[in-house]
Number of protein chains: 2
Amino acid sequence: MKTDFNEKQIQILLIAETLFAENGFERTSIRTIAKAAEINVAMVSYYFGSKEKLLEALILYRTSDLKIQIENLSHEELDPIEKIDKLIELYINRIRCNKGIYRILHFEFSSEEEEDKLKILNQLRDRNLKSLETIIHEGQQKGIFRKDIIIPLISPTILGTFFHFSMNKPYFKKLLALETDEAFENYIQTKLKTHIQQTIKALLIYES
Amino acid sequence: MKTDFNEKQIQILLIAETLFAENGFERTSIRTIAKAAEINVAMVSYYFGSKEKLLEALILYRTSDLKIQIENLSHEELDPIEKIDKLIELYINRIRCNKGIYRILHFEFSSEEEEDKLKILNQLRDRNLKSLETIIHEGQQKGIFRKDIIIPLISPTILGTFFHFSMNKPYFKKLLALETDEAFENYIQTKLKTHIQQTIKALLIYES
DNA sequence: GTTTAAATTAAACACTTGTTTAATTTTGTA
DNA sequence: TACAAAATTAAACAAGTGTTTAATTTAAAC
């Protein structure tokens, strides 16, 4: 599949991303996208073939966009605890910036088994898991981390906490008295981030 | 709103629940529901008024169904750590049994602010938070738990981890070499449950 | 400047959606 | 049995969906 898109295509992709993230894939019609992008309805089919293929193109566009920052991290000269902290920070920021596409990927298509669509996503997940393993093994060898950790369950805890929080935005805004969207975003980057870091470190270090 | 439904209505509700959970609210048409329930399409409008109101009825049916087991727990004679363990077990089992409706509640309507629909859900969340606070405060007074915990962030960690894991079933089945659906369910009730309990306890107890 | 390909358009297409209608059957009651 | 209310039905409705068509405009190449 082609990975290079022209300006018009990217314009469509970006607007589709916003609308999909706001209202979901099904709830967003091609006509809505066309109107928002100020193009003719037929252009989506013309450029991408179909609505489904537009989504595939969007996934491709966004995931090929993502550099492998996490891989680099595991080779930096930091102690394991600092690496975990940085890893979580990376995770959160990366997803925050690509919130739209992540939301679609994780919740709109997570239960479907259509291999073609998920292949790219799975590759991404596998790479991230490998990097996480490297970091944790290092900490275990140095005697800092406990050894009975199920590593594949770490990322669900990080991502799950983050997603659950940000997907129930109205509830937590009210609960935590966060009046504006900025206050909410700020809470994520400070309190929630710290909470997740604290949680994972506690899990890795704590001796029962 | 009425909370008592006749047999026919419940039959429709149960089938709708399954279909909504499997394919999402939007992707499930009234005709699909009618066919599965072996009734006429008009019956849904006749009994519930509309598709939206059918969902509202389903939420009502399921949440009024849920007894307040968690509230009872906080008054039992157990030490705080045991209570946390039991609380998490309760959470997981309760959601596992009502997976369909929880999936719809948390992901299909989590970003919408429509008060009417979420009112019941919010009440449920508030009650649960209160119970959790009671348990944690008890542990803090006894000097077992640390005092700088942000309690509202505990449930996102529990629920988020669980949801993220079970919503990415295909990926984790492959990753953890769980061949059958039963093996997957079993993994949740053993390994994942323990992982979450371990995580929360570590967070509450660990001194940095 | 003409030709050829790409881009863009409005309109139509075939289909699905949720909902309503009006007629018919079933059920319960007096 | 007769009547009235409830349940059920097939059909129609209006609106929206993704996609395709065929005609037109724009751009590029020669």
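Throughout, a chain's letter reflects where its sequence line sits, starting with A, and its residues are numbered from 1. Just so it is clear, the structure is predicted and the values come from calculations on it, not from any experiment.
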Can you check the I33(A) CD1 to dT19(D) C1' distance for me, whole Å? 14 Å
Side-chain atoms of S50(A) come closest, of dT19(C), dT21(C), dT19(D), to dT19(D)
Nearest-angstrom distance from the residue atom OH of Y46(A) to P of dA11(C): 21 Å
Check the pair T161(B) / L153(A) against side chain to side chain contact (heavy atoms under 4.5 Å, CB included), numbers first and verdict last. CA-CA 8 Å; T161(B) 305; L153(A) 296 184; over 6 Å; no
I need the CZ-C1' distance between F25(B) and dG18(C), as an integer number of Å. 10 Å
Remember a base hit wins even if backbone is also touched, and classify T28(A) as base, sugar-phosphate or nothing at under 4.0 Å, heavy atoms. sugar-phosphate
For atom CZ of F5(A) and atom C1' of dA7(C), their distance in whole Å: 18 Å
Taking atom C1' of dA7(D) as reference, at what distance in whole Å does atom CD of Q11(B) sit? 14 Å
Students often get this wrong, so: under 4.0 angstrom with heavy atoms, is S45(A) touching a base, only sugar-phosphate, or nothing? base
Is the backbone N or O of E182(B) less than 3.5 Å from a side-chain atom of N186(B), with the two atoms forming a donor-acceptor pair by type? no
Nearest atoms (heavy-atom pairs only) where A37(A) meets I15(A): CA-CD1, 3.3 Å
Tell me which nucleotide among dA10(D), dT9(C), dA7(D) gets nearest to the side chain of M43(B). dA7(D)
What nucleic acid atoms does Y47(B) come within less than 4.0 Å of, heavy atoms only: base, sugar-phosphate, or nothing? sugar-phosphate
Return yes if the base of dA10(C) and the side-chain atoms of N40(A) contain a donor-acceptor N/O pair under 3.5 Å, otherwise no. yes
Starting from the 5' end of DNA chain C, give me the residue, I39(A) or R31(A), whose nearest nucleotide shows up first. I39(A)
Specify the separation, in whole Å, of atom CG of N6(A) and atom P of dA7(C). 7 Å
Pick the nucleotide of DNA chain D nearest each of K8(B) and V41(B); which residue has the one closer to the 5' end? K8(B)
Do N6(B) and Q9(B) touch side chain to side chain, with heavy atoms closer than 4.5 Å? yes
Does S29(B) put a side-chain nitrogen or oxygen below 4.0 Å from OP1 or OP2 of dT16(C)? no
Can a salt bridge be assigned to the pair E76(A) and K83(A) using a cut-off of 4.0 Å between side-chain N and carboxylate O? no
E38(B) CD to dT8(D) P: how many Å, rounded? 13 Å
Using whole Å, what does the distance between atom P of nucleotide dT17(D) and atom CD1 of I30(B) come to? 17 Å
